[in-house]
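Read the numbers this way: they start at 1 and go in the same order the structure lists the ligands and their atoms.
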Amino acid sequence: MPKIIFEGEEYQCEPGESVLDCLLRQGVSVNYSCKAGVCQTCMMVAEEGEPTPASQVGIKETLKASQHFLICSCQPQTDMRVAIPERVGSSFETTVLAKEPLSADVIRLRLARPDNYDYLPGQFLNLTNDAGVTRSYSLASLPQEDEFLECHIRHIPGGRVSGWVAEKLQLGDTVTISQASGQCSYLPGREEQPLLLVGTGTGLAPLFGIARDALQQGHRGPIHLYHGSSTPEGLYLVDELRAMDEAHENFHYHSCVSRGEAPAGMRSGRAADLALEDHPQLSGWRVFLCGREDMVKGLQKKTFLAGAGMQDIFADPFIDSSASGEDQTAA
Ligand SMILES: Cc1cc2nc3c(=O)[nH]c(=O)nc-3n(C[C@H](O)[C@H](O)[C@H](O)COP(=O)(O)OP(=O)(O)OC[C@H]3O[C@@H](n4cnc5c(N)ncnc54)[C@H](O)[C@@H]3O)c2cc1C
């Protein structure tokens, strides 16, 4: 079995084990969050040994070339010497500018945008709480328009980071965030292409950024945004999205309520189902899916089967970082 060398110590891997699990099992404290190759919190650099292709999915080409990889997604094939990268994942200290409710359980958090903080709407940042616990939140703001970074955070009672945001974080507080990362964003080009955006809950945050970005960059093809919740109260930014629908001929907002009869102006049914009913043929479309993991993964398959090319499907499952049941506290 391969061994991992980290900070001068050797750790033996068990069959099928990731580098992250190997280190955690042996009591090594390392940063991680989603454990699913999405949030990039656990990125390391391989000083010896080859990262597996799966552990480099979704990371920048420049970082791939310099042997950066995600230890949660790497089942090593050979011995590896790994290290915490120096520059990558560099963090920023920033200030809370605004914190206000968007619905009964969703908070709009606006943070000052640090100098030289580059991002694309729809990417996510990692936010670390006062106990060192890190979680990912998507960016709804537009770099060319907004001086702040905006996240929509659903308050999960007892949630270590969302609970801290809801209950403890105050205006003017200093918080630590990572650089933005992720592939779920609008890239200019193919301006006539139809876009399908489907999100549940705070999955609206990246979609709100992506839709506004596409419109601002002159996208001419139809843009259909489906936002779903079990109840009408769970939907938010309804007035803003209706106003966008009014203002742009090619933007279409569908608010979807999955439980009971929807009120006037909203649709009854699950966002994912309604989107596919309305658009059963997705050949040539670009698709963005964000929010609950089961919805995103299910719809990823269905939109592919409906004709969307794999390279045109961008998905951000909001993976429940506690699913493993382990403590996620960063070192
Ligand atoms: C790429 C990415 C982008 C994300 N973007 C956003 C975003 O824009 N807005 C947002 O609100 N969240 C987003 N998330 C989810 C977010 O990172 C956290 O997982 C979430 O806020 C819960 O963290 P916590 O520390 O508050 O709860 P934890 O302390 O991790 O969990 C507390 C309890 O809540 C349960 N739980 C955790 N997450 C959920 C959930 N989503 N639904 C129901 N129960 C849950 C856990 O199982 C546990 O029992 C994103 C996740 C990823 C991977």
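For atom 44 (N) of ligand 1, the choice among Thr41, Val106, Ile156 with the nearest heavy atom turns out to be Ile156. Considering each of Arg135, Glu150, Arg160, the one bringing a non-hydrogen atom nearest atom 18 (C) of ligand 1 is Arg135. Comparing His155, Gln123, Arg154 by heavy-atom distance to atom 43 (C) of ligand 1, the nearest is Arg154. Between atom 14 (N) of ligand 1 and the options Ala140, Ser136, Ala205, the minimum heavy-atom separation is to Ser136.
Those atoms of ligand 1 with a heavy atom of Phe124 less than 4.0 angstrom away are 1 (C). Residue contact check: Ile153 has heavy atoms under 4.0 Å from atoms 11 (O) of ligand 1. Close approach of ligand 1 to Val38 is summarised as follows: ligand atoms under 4.0 Å from at least one heavy atom of the residue are 1 (C). Of all atoms in ligand 1, numbered sequentially from 1 with element shown, those under 4.0 Å from a heavy atom of Val161 are 24 (P), 25 (O), 26 (O).
For Tyr117 and Phe92, the distance between ring centers is under 6.0 angstrom. Note: His152 and Tyr236 meet the aromatic proximity criterion, with ring centroids under 6.0 Å apart. Between Tyr137 and Phe124, the ring centre distance reaches or exceeds 6.0 Å.
There is no side-chain donor-acceptor pair under 3.5 Å between Gln183 and Asp316. Side chains of Thr134 and Thr128: a donor on one and an acceptor on the other come within 3.5 Å. For Asn126 and Thr41, the side-chain atoms include at least one donor-acceptor pair closer than 3.5 Å.
Between the Asp146 side chain and the Ser141 main chain, no donor and acceptor come within less than 3.5 Å of each other.
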### Message
I'd like to know whether Leu149 forms a side-chain contact (heavy atoms from CB on, under 4.5 Å) with Arg110, so could you lay out the CA-CA distance, the side-chain angles of the two residues, the decisive distance to 0.1 Å, and finally the verdict.
### Response
CA-CA 6 Å; Leu149 303 173; Arg110 286 185 172 162; over 6 Å; no

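The only member of Gln216, Gln217, His219 that meets side-chain hydrogen bond (donor to acceptor under 3.5 Å, both in side chains) when paired with Tyr186 is His219.
Counting heavy atoms closer than 4.0 Å to ligand 1, residue Tyr137 contributes atoms from both its backbone and its side chain. Of the heavy atoms in Cys39, none comes closer than 4.0 Å to ligand 1. Here Arg292 has no heavy atoms under 4.0 Å from ligand 1, in either its backbone or its side chain.
Looking at ligand 1, you won't find any N or O of Asp316 less than 3.5 Å from one of its N or O atoms. For ligand 1, the polar-atom distance check finds no N/O of Pro317 at less than 3.5 Å from any of the ligand's N/O atoms.
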